[in-house]
Amino acid sequence: MPVAVAIAMLVVGSVAFHLFSPWWRTPIASNWGSIDSALDVTLWICGAAFVGLNLFLAWALVKYRHRPGHRAHYEPENPSLERRLTFWTAIGIAGMLAPGLAAWGKYVSVPKEATVIEAVGQQWQWSFRYPGPDGVLGAAGVKYITPDNGLGLDPLDPFGRDDILVESGDLHLPVGKPVKIVLRSKDVLHDFYVPEFRAKMDLVPGIVTYFWLTPTKTGTFDILCAELCGTGHHAMRGKVVVETPQAFAQWQAQQSSFGQILAEAPPAAMSILLIKANACIVPASWSIR
Amino acid sequence: MATTLADDLRPLHHPHSWVTKYVWSQDHKVIAIQYSCTAIGIGLVALVLSALMRLQLGFPGAFPAIQPDNYLQFVSMHGMIMVVYLLTALLLGGFGNYLIPLMIGARDMVFPFVNMLSFWFYLLSVIVLVAGFFVPGGPTGAGWTLYPPQAISEGTPGHQWGIVTMLVSLAIFVAAFTMGGLNYVTTVLQARTRGMTLMRMPLSVWGIFTASVMGLLAFPALFVAAIMMLFDHLAGTSFFMPTMQSMGAITPTQGGSPLLFQHLFWFFGHPEVYIVALPAFGIVSDLISVHARRNIFGYRMMVWAIVIIGALSFLVWAHHMYVSGMNPYFGFFFATSTLIIAIPTAIKVYNWLLTLWRGDIHLRVPMLFAIAFIFTFIHGGLSGLFLGNVSVDVPLSDTFFVVAHFHMVMGVSPVLVIFGAIYHWYPKIFGRMWNETLGKLHFWITFLGVYAIFLPMHYLGILGVPRRYYALGETAFIPQSVHLANAWISIAALVVFCAQGLFFFNMIWSLFRGPRADPNPWGAASLEWLTPDTPPAHGNWGPHLPVVYRWAYDYSVPGAARDFIPQTEPQVEQRA
Ligand code: HEM
Ligand SMILES: [Cu+2]
Ligand SMILES: [Cu+2]
């Protein structure tokens, strides 16, 4: 008996906790409302199953508790009941899978007009790169990295010259414009995660990964690392500033491009940079459009 | 060895001294207890680590001895020990060893010597694992997933020696498991007594059998991944190591794929979840049926569900990798296959509930744990649908929602079954009865406590609190109330931690002081309760093997004198 009451109370308590606890999604700041709705559909279907199954459990525990003279019913199976249950379960599953896959379909198809912005991870900080006026990110790779070329751009790739570099500063995004965020890691796995954007993706050394979003709300949000990357994992933070296109353009005008950095580099640093570029042990990487 | 099938006792390895009886034993029951005690012992280490983690999360800064590196080491060792060295070893090496021969009417495993070796290899793997705590730099802090490159790169605790002991220990564990697993599979297929058809076996045996087959197919993936990473680390290969920097210096590695490791790991890791779950499913089915005095509902469906879940679970591994950077189009396939598995899993839940329905439910301690399992498993199974449903997983992956989900479904649920199973079979194993009051107290604190720990974690995860974080620090979207929640979760965890003392006291005290147990205290119909001796003697069955005439679930059969009919009782028609 007490266990039946406990189960029923836990069901009621869980629902109450759901309704009254202060912890829920952060207010969304991107186009990924479809992810939120897929979560809501999943939650409603699963919530109904949770309440229904457990209340049945509690009821059965009371109704069929042992009493003197009471005997269980012998019934090895009931194929038609089992078939009906299977059918309704399949319907419920399909009901949540459909919005889930539909949202994923959008997640994997980057709109053509999206601008490319690169986020680079390293233990334990974030850097960013914008393609500059030509709209193309120059080739880059770990092998090009020198003290003056922290993001490892290929100094010989003309597409890279106008790239705008933001090393360990904030990421700025114009509100309302779709962006494809391409991700590159210098060392180990990381994950670019802004809870308000809903989207996230791992950074994998050796390959370039990506995801896309359209910021829909201006403001400043935390960037966290969501893939264990060592001692400083919890401290690998960044900020993303979503602002009006005008403010964004103003901000961008103040940043320095790779070409400017090269122009200011002392000759010694320049030769190190170029020596790295000629080292052809490693297959070249490509500019990213 | 086929002779063990017959009534002949001679082929058995008879112990001649205390050492061959209790140390180098080839008796499956002794090996089962050796396995169980080792697993529980190392499990206690993992439990202590979880308490230390909770202290840090609940009261950040209050324990300066816990540094970020320590926290990551605790997380990694806790996770790996719990999943592999506690649950897998206890459910298969412990319960598998004890129950298979007794439930199918065999005198022992078919390869008793290999069975013994399996335990000693397991013990060796545990010793190597523990050695990780004492090597320079301490154990690995790469997470239980051990992802390269960080697992063997600068910046991760234990990247020099800790990871080596971990990988070597895993390789030894796989060897141990292979010896055990081959034994379980062969014994089930070859050593069943007369009349014990496959479709008359208790579901415990079906669960353990299927899990063993899965283990034999899944563990090799872990084995090769471990060996390849050892090569990368010690021999300078680049299986998993791309061109990269390590603490500012470029490494000599090039061209390897970190994603390859993730595929290998999860090709093992996902089936591993079911390697733990299926034995628990089987065992809990038997507990529910016995204590509800009712046949398990839809036995054939239950068997097929176990087999189908086992097979499908090899087709879903990449649901752990939706945001790993693999080709995103895989997401469609893996989300679909993952949600399809929910159907046979749901059928199992329905059939447990329908077994209680119209039953005659005795709420003894083992049954209480079985009921608690149904509750936590429903919860954990449903939260898994969120994570399997690809786009819904995107915001949730690597947050506390994941931590809450897998603890509910593969931490708490199997552990509740294990407790239930220990209470259930203890009178047979030791011939003594435990204390009911202590058992109930242990149940209530554990059940309510774990729910208090893990329910709020789901909501922290939905808010966006990431996992494997030493401290949350100043984060704009995390309100003060989260820190309060973390403190309360930690208090609940410490209460649950302490309550396990009741269990251990009860078990150890009853070993010496418990009243003598009835040979079949619950009125169960399956073979293990019908041994001539309690505890069963070497060879299990005395001079003659039992003969089986019916399935293991003849409870409350209309017209029968008692509310159960043992499997060895002939059918009425055959008697006439
Ligand atoms: C009262 C019991 C337990 C408590 C309080 C507890 C607590 C924790 C905590 C605090 C973490 C780390 C969360 C993070 O920072 O990411 C964790 C991780 C984990 N736990 Fe438990 N745990 C318990 C029991 C179990 C059991 C029985 C299992 C068996 C499956 C288990 C498996 C894991 C795994 C696999 C991880 C992940 C490790 C990783 O992230 O690499 N835990 N647990
Ligand atoms: Cu990181
Ligand atoms: Cu999985």
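We name chains A, B, ... by the order of the sequence lines, and we start the count at 1 in each one. All figures in this text were calculated on a predicted structure; none of them were measured in a lab.
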Can you confirm whether A/Glu227 sits close enough to B/Thr145 that some side-chain heavy atom of one is under 4.5 Å from a side-chain heavy atom of the other?
no
What class does the angle between the rings of B/Trp357 and A/Phe56 fall in, given that below 30° is parallel, 30 to 60° is tilted and above 60° is perpendicular?
tilted
Which bit of B/Ile371 is near chain A, if near means a heavy-atom gap under 4.5 Å: side chain, backbone, both or neither?
both
Looking only at heavy atoms, the pair that brings B/Pro328 and A/Val108 closest together is CB-CG1, 3.4 Å
Counting only non-hydrogen atoms closer than 4.5 Å, does A/Asp191 touch chain B with its backbone (N, CA, C, O), its side chain (CB onward), both, or neither?
side chain
Quick one: are A/Ser14 and B/Leu455 in side-chain contact, heavy atoms under 4.5 Å?
yes
Does any backbone or side-chain atom of A/Leu57 lie under 4.5 Å from a heavy atom of chain B? Answer side chain, backbone, both or neither.
both
Interchain contact, A/Ser21 with chain B, by part (heavy-atom threshold 4.5 Å):
side chain
Per-residue contact mode, A/Gln123 against chain B (heavy atom under 4.5 angstrom)
side chain
Portion of B/Pro456 that has a non-hydrogen atom of chain A nearer than 4.5 angstrom
both
Please find the pair of heavy atoms, one from B/Asp360 and one from A/Arg67, that lie closest to each other, and give the distance.
OD1-N, 4.1 Å
Which heavy atom of B/Pro466 sits nearest to which heavy atom of A/Leu224, and what is that distance?
CG-CD1, 3.8 Å
Any non-hydrogen side-chain atom of A/Asn78 less than 4.5 Å from a side-chain atom of B/Phe297?
yes
Is the backbone of B/Gln245 close enough, under 3.5 Å, to the side chain of A/Lys186 for a donor and an acceptor to pair up by distance?
no
Identify which part of B/Arg300 has an atom lying under 4.5 Å from any heavy atom of chain A, answering side chain, backbone, both or neither.
both
CZ of A/Arg198 to OG of B/Ser391: how many Å apart, nearest 0.5 Å?
12.5 Å
With only heavy atoms counted, which part of A/Phe221 is less than 4.5 Å from chain B, the side chain, the backbone, both or neither?
neither
Begin from the C-alpha positions of A/Asp202 and B/Ser324 and carry the test side-chain hydrogen bond (donor to acceptor under 3.5 Å, both in side chains) through to its verdict.
CA-CA 5 Å; A/Asp202 276 8; B/Ser324 68; 5.4 Å; no
A/Thr42 portion near chain B, given a 4.5 angstrom heavy-atom threshold:
both
At a 4.5 Å cut-off on heavy atoms, which part of B/Ala476 comes close to chain A: side chain, backbone, both, or neither?
both
Under 4.5 Å, counting heavy-atom pairs only, tell me which of B/Ile296, B/Thr156, B/Val465, B/Asn295 racks up the most with chain A.
B/Asn295
A/Pro147, part contacting chain B, at a heavy-atom distance under 4.5 Å
neither
Less than 4.5 Å to any heavy atom of chain B: does that hold for the side chain of A/Trp32, its backbone, both, or neither?
neither
If I measure from the heavy atoms of chain B, does A/Glu196 come under 4.5 Å with its side chain, its backbone, both, or neither?
side chain
Shortest non-hydrogen separation from B/Ile250 to A/Val142 and the atoms involved:
CD1-CG1, 3.8 Å
Given that the side chain runs from C-beta out, which part of A/Pro205 has a heavy atom under 4.5 Å from chain B: side chain, backbone, both or neither?
both
Do the side chains of B/Arg294 and A/Glu75 get nearer than 4.5 Å, heavy atoms only?
yes
Do B/Leu354 and A/Leu85 have side chains that get closer than 4.5 Å, going by heavy atoms?
yes
Chain A heavy atoms under 4.5 Å from B/Ala151: which part of the residue, side chain, backbone, both or neither?
neither
For a 4.5 angstrom cut-off between non-hydrogen side-chain atoms, does A/Tyr74 reach B/Tyr555?
no
On a heavy-atom basis, the closest approach of A/Leu101 and B/Phe332 is O-CE2, 3.7 Å
We want to know whether A/Thr89 and B/Tyr350 form a side-chain donor-acceptor pair, criterion being a heavy-atom distance below 3.5 angstrom.
yes
The interface call for A/Phe50 against chain B, heavy-atom contacts under 4.5 Å, is both
Note: A/Thr231 and B/Pro157 closest approach over all heavy atoms is OG1-CD, 4.0 Å
Using heavy-atom distances under 4.5 Å, tell me whether A/Leu81 contacts chain B through its side chain, its backbone, both, or neither.
side chain
Can you tell me if B/Tyr459 and A/His18 form a side-chain donor-acceptor pair at under 3.5 Å?
yes
So do the side chains of B/Ile462 and A/Trp23 get within less than 4.5 Å of each other, counting heavy atoms only?
no
Just checking, is any N or O donor in the side chain of A/Asp222 or B/Thr475 under 3.5 Å from an acceptor N or O on the other one?
no
With side chains defined as the heavy atoms from C-beta onward, is the minimum distance between B/Thr399 and A/Lys200 less than 4.5 Å?
yes
Identify which part of A/Tyr210 has an atom lying under 4.5 Å from any heavy atom of chain B, answering side chain, backbone, both or neither.
side chain
Under 4.5 Å heavy-atom distance to chain B, tell me which part of A/Val3 shows up: side chain, backbone, both or neither.
both
Most heavy-atom pairs under 4.5 Å with chain A, out of B/Ser246, B/Pro258, B/Ala342, belong to B/Pro258
